[in-house]
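Shown next, in structure tokens, is the structure this report addresses.
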Amino acid sequence: MNDFTRSVIEQIRKVPKGKVSTYGRIAELSGNPRAARQVSRILSSMSRKYNLPWHRIINSQGRISLKPGGGYEEQRAILEAEGIEFDLYGTVDLKRYIY
DNA sequence: CGTGTGACGCGGG
DNA sequence: CCCCGCGCCACAC
């Protein structure tokens with residue numbers, strides 16, 4: 001595992017319950033602003049093993065990136081259980097919930 | 001070693 | 001808001 005990956009795991013773990021962050025933001029904090037895609041890949045392949053709060057990472061538009069039937073419902077349910085509110089378009093107010 | 005694939009992001013229509 | 005294109009990048013074939 002490289003330094004970037006280690007940093008991504010560390011940064012994701014810092015996002016507190018009731019807050020969210022974005023793939024791009026985690027990538028920035030980890031030293032590579034252009035690696036948002038890698039962050040998403042790390043989440044999908046290592047969330048279990050490294051016990052990551054994967055559900056707290058959404059896209060830059062404030063929307064869940066998983067597809068309906070592909071995890072969307074689960075992620076949304078967990079976030080709502082943590083107090084995150086979604087508008088009728090499935091968008092969360094990043095100004096309010098970003099970490 | 002090319003080619004296709006995303007849990008991405010940004011701009012534009 | 002939706003849909004596209006383009007750039008980006010590790011990874012599976």
Side-chain angles (χ1 to χ4, degrees):
Chain A
M1 188 193 301
N2 57 44
D3 290 344
F4 177 72
T5 302
R6 265 187 287 281
S7 183
V8 166
I9 290 174
E10 182 185 344
Q11 294 304 327
I12 290 176
R13 282 181 169 154
K14 288 184 180 176
V15 184
K17 184 194 307 180
K19 288 287 185 178
V20 298
S21 191
T22 68
Y23 302 93
R25 182 58 181 145
I26 294 298
E28 289 178 36
L29 294 172
S30 299
N32 188 344
R34 300 174 301 184
R37 284 191 112 112
Q38 281 65 277
V39 173
S40 72
R41 189 168 44 64
I42 290 169
L43 277 170
S44 64
S45 62
M46 312 174 87
S47 287
R48 286 290 165 171
K49 186 174 180 182
Y50 292 89
N51 198 36
L52 306 178
W54 59 274
H55 56 282
R56 304 208 256 245
I57 310 303
I58 58 181
N59 63 40
S60 66
Q61 311 313 301
R63 295 173 60 18
I64 288 175
S65 287
L66 291 176
K67 289 177 270 186
Y72 175 89
E73 294 82 358
E74 183 189 7
Q75 182 170 10
R76 177 163 175 162
I78 298 173
L79 287 177
E80 293 186 312
E82 294 190 344
I84 306 293
E85 294 175 29
F86 289 75
D87 68 12
L88 76 168
Y89 297 114
T91 302
V92 308
D93 183 356
L94 286 180
K95 300 291 187 186
R96 179 182 176 190
Y97 299 110
I98 193 68
Y99 167 57

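These figures come from a predicted structure and were not determined experimentally. Chain letters run A, B, ... following the sequence lines, proteins first, then strands; residues in each count from 1.
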**Message:** Looking at A:Ser60, I'd like to know whether one of its side-chain N or O atoms comes within less than 4.0 Å of OP1 or OP2 on B:dG9.
**Reply:** yes
**Message:** Nearest to the A:Arg34 side chain among B:dC8, C:dC8, B:dG9, which nucleotide is it?
**Reply:** C:dC8
**Request:** Would you confirm whether A:Ser7, through its side chain, and A:Asp3, through its main-chain N or O, come within 3.5 Å as a donor-acceptor pair?
**Result:** no
**Request:** Take the protein atom CG of A:Asn32 and the nucleotide atom P of C:dC8, then report the distance between them rounded to whole Å.
**Result:** 12 Å
**Request:** Can you tell me the distance, in whole Å, between the CZ atom of A:Arg76 and the P atom of B:dA7?
**Result:** 19 Å
**Prompt:** Between B:dA7, B:dG9, C:dC11, which nucleotide gets closest to the side-chain atoms of A:Leu66?
**Reply:** B:dA7
**Prompt:** Shared ILVMFWY cluster between A:Ile78 and A:Ile64, side chains joined below 4.5 angstrom?
**Reply:** yes
**Request:** Indicate whether OP1 or OP2 belonging to B:dC8 is found under 4.0 Å from a side-chain N or O atom of A:Ser65.
**Result:** yes
**Prompt:** If you check the A:Arg41 side chain, which of C:dC11, B:dC8, B:dC10 turns out closest?
**Reply:** C:dC11
**Prompt:** Rounded to the nearest Å, what distance is computed from the CE atom of residue A:Met1 to the P atom of nucleotide C:dC11?
**Reply:** 12 Å
**Request:** Indicate yes or no for a side-chain donor-acceptor contact from A:Arg56 to the backbone of A:Ser21 under 3.5 Å, with no hydrogens or angles considered.
**Result:** no
**Message:** Rounded to whole Å, please give me the gap between CD in A:Glu74 and P in B:dA7.
**Reply:** 15 Å
**Message:** Please report the distance, rounded to the nearest Å, between CE in A:Met46 and P in B:dA7.
**Reply:** 17 Å
**Whole-Å gap separating P (B:dG9) and CD1 (A:Ile98)** = 10 Å
**Asked** Can a donor-acceptor pair under 3.5 Å be found between the side-chain atoms of A:Arg37 and the base atoms of B:dC8?
**Response** yes
**Prompt:** How many Å lie between CZ on A:Phe4 and C1' on C:dC8, as a whole number?
**Reply:** 12 Å
**Charged tip of A:Arg37 within 45° of A:Tyr23 ring normal and under 6.0 Å** = no
**Asked** In whole angstroms, how far is the P atom of C:dC9 from the CD1 atom of A:Ile42?
**Response** 14 Å
**Asked** Which of these nucleotides, C:dA10, C:dC1, B:dC8, is closest to any side-chain atom of A:Tyr89?
**Response** C:dC1
**Phosphate-side-chain proximity, A:Thr91 and C:dC1, N/O vs OP1/OP2 below 4.0 Å** = yes
**Asked** Is the closest basic N to carboxylate O distance between A:Lys19 and A:Glu82 below 4.0 Å?
**Response** no
